[in-house]
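Inspection log for the structure reproduced underneath, given as structure tokens.
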Amino acid sequence: MFYYFCKFLVMVGFRIAFRMRYLGRENIPKDSPVIYASNHRTNADPPVVGSGARGRCVFMAKEELFQGNILFKWLIQALGAFPVSRGKGDSGTLDTAVEKLNKGRSLTIFPEGTRSKDGKVHRGHSGAAVIAVRANKPIIPVGIVFGEKLKFRTPVTVKYGKPIRPAEYVEDLENPNPRQLVKLKNRYMADIKRLVEGDFVADNKKEDGNE
């Protein structure tokens, strides 16, 4: 209840503060948790993506956020955050992500690994592909679109693309081929880029503010 109460407050607050719009939410499956793979512009991106997502989401957060204020640590953990060591091979984080998905939670991940300073979509990592294959859950590409800076009353549009099924790119989910994982990664990064550039949902512009 605490999560959904906070989600409601965030959605209302974002609509007031940033003139938030959500497009393509009908693309999100209702019968399965998903992996939301999004571009990364600001520290507000996790709640921006999660406020328009279906159901309850968890997200990876840099481990430094769990080493400071105890109250803040409790808050982000209560809202679904779990730590990740950036730039390191952290198999435990991948295991946690797969476990959360198998328990019915959707996962928000930012494949670029760091915030984009110029607003463009940069090269992504394959973490989302590995997690999607291990959990056999679809990937929803997400594009967060606004101007040069996020300011009060800035129009912000969050676009949810069509699901990408890992089995469409990886023949053997138990023993994935590295090249096929790269193809899966390239697919969701290309979709994210098209969402950000504005032409990916040209035929699907339905706006949806509530589940």
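Remember, predicted model here, so these are calculated numbers, not experimental data. Residues take their numbers from the sequence shown, with the count starting at 1.
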Output side-chain donor-acceptor pairs under 3.5 Å for residues 42-49, partner residues at least two apart or in another chain, one line each.
{"unit_1": "T42", "atom_1": "OG1", "unit_2": "A44", "atom_2": "N", "d": "3.1"}
{"unit_1": "T42", "atom_1": "OG1", "unit_2": "D45", "atom_2": "OD1", "d": "3.3"}
{"unit_1": "D45", "atom_1": "OD1", "unit_2": "T42", "atom_2": "N", "d": "3.4"}
{"unit_1": "D45", "atom_1": "OD2", "unit_2": "H40", "atom_2": "ND1", "d": "2.7"}
{"unit_1": "D45", "atom_1": "OD2", "unit_2": "R41", "atom_2": "N", "d": "2.5"}
{"unit_1": "D45", "atom_1": "OD2", "unit_2": "T42", "atom_2": "N", "d": "2.9"}

Inset, instruction - Starting from the C-alpha separation in whole Å, work towards a yes-or-no answer on side chain to side chain contact (heavy atoms under 4.5 Å, CB included) for E197 and K193. - result: CA-CA 6 Å; E197 292 178 350; K193 184 176 181 180; 3.0 Å; yes
Inset, instruction - Give a yes-or-no answer on whether the side chains of Y22 and T157 include a donor-acceptor pair shorter than 3.5 Å. - result: no
Legend entry - Pair D118-S116, side-chain donor/acceptor within less than 3.5 Å: yes
Legend entry - Minimum heavy-atom distance between R165 and P29, given as atom pair plus value: NH2-CG, 4.3 Å
Legend entry - Reported CZ-to-CD distance for the pair R54 and E26, which is rounded to 0.5 angstrom: 8.0 Å
Inset, instruction - Please test F8 against V10 for side chain to side chain contact (heavy atoms under 4.5 Å, CB included), starting from the C-alpha separation and ending with a verdict. - result: CA-CA 5 Å; F8 172 77; V10 168; over 6 Å; no
Legend entry - R25 side chain vs G52 backbone, donor-acceptor pair below 3.5 Å: yes
Inset, instruction - Might you point out which heavy atoms bring R153 and R19 nearest each other, and give the distance in Å? - result: O-CD, 3.1 Å
Inset, instruction - Specify the closest pair of heavy atoms between I109 and G127, including all atoms of both residues, with the distance to one decimal. - result: CD1-C, 4.4 Å
Legend entry - same_hphob_cluster(L71, L75) at 4.5 Å side-chain heavy-atom cutoff: yes
Legend entry - Path from Y188 to I35 over hydrophobic side-chain contacts below 4.5 Å: yes
Legend entry - CZ on F146 to NZ on K151, rounded to 0.5 Å: 11.5 Å
Inset, instruction - Mark yes or no for whether T154, through its side chain, and L150, through its backbone, hold a donor-acceptor pair below 3.5 Å. - result: no
Inset, instruction - Check the surroundings of atom CD in Q67: do more than 12 heavy atoms from other residues, nucleotides or ligands lie under 6.0 Å from it? - result: yes
Inset, instruction - Over all heavy atoms of both residues, which pair between A97 and M60 is shortest? Give the atoms and the distance, please. - result: CB-CE, 3.9 Å
Legend entry - Cluster overlap L101 with L173, hydrophobic side-chain contacts below 4.5 Å: yes
Inset, instruction - Answer yes or no: is there a side-chain heavy-atom contact under 4.5 Å between N177 and D172? - result: no
Inset, instruction - Examine Y4 and F2 and state if one hydrophobic cluster contains both, with Ile, Leu, Val, Met, Phe, Trp and Tyr joined whenever side-chain heavy atoms are less than 4.5 Å apart. - result: yes
Inset, instruction - Rounded to the nearest 0.5 Å, what's the gap from CG on L181 to OH on Y169? Could you check? - result: 13.0 Å
Legend entry - Gap between atom CE of M189 and atom CG of L184 - 0.5 Å precision: 12.0 Å
Inset, instruction - First locate atom CG of L107, then atom CZ of F82, and finally report the distance between them rounded to the nearest 0.5 Å. - result: 5.5 Å
Inset, instruction - Please confirm whether the backbone N or O of Y160 pairs with a side-chain atom of N27, one donor and one acceptor, at under 3.5 Å? - result: yes
Inset, instruction - Work out which heavy atom in A37 is nearest to a heavy atom in I192; give both atom names and the distance. - result: O-CD1, 3.2 Å
Legend entry - From N39 atom CG to R115 atom CZ, the distance as rounded to the nearest 0.5 Å: 13.5 Å
Legend entry - Worked check of salt bridge (Lys or Arg N to Asp or Glu O under 4.0 Å) between R134 and D95: CA-CA 9 Å; R134 287 182 56 183; D95 292 339; 2.6 Å; yes
Legend entry - CZ (F5) with more than 12 external heavy atoms under 6.0 Å: no
Inset, instruction - State, with a plain yes or no, whether a side-chain heavy atom of P83 is found less than 4.5 Å away from one of L65. - result: no
Inset, instruction - Indicate, with yes or no, if F59 and F72 share a hydrophobic cluster defined by side-chain heavy-atom contacts under 4.5 Å among Ile, Leu, Val, Met, Phe, Trp and Tyr. - result: no
Inset, instruction - Would you list the pairs meeting side-chain hydrogen bond (donor to acceptor under 3.5 Å, both in side chains) in which at least one residue belongs to residues 101-112, sequence neighbours left out? - result: E99-K103
Could you pull out every donor-acceptor pair under 3.5 Å between side chains of residues 135-145 and any protein atom, sequence neighbours left out?
{"unit_1": "K137", "atom_1": "NZ", "unit_2": "A135", "atom_2": "O", "d": "3.2"}

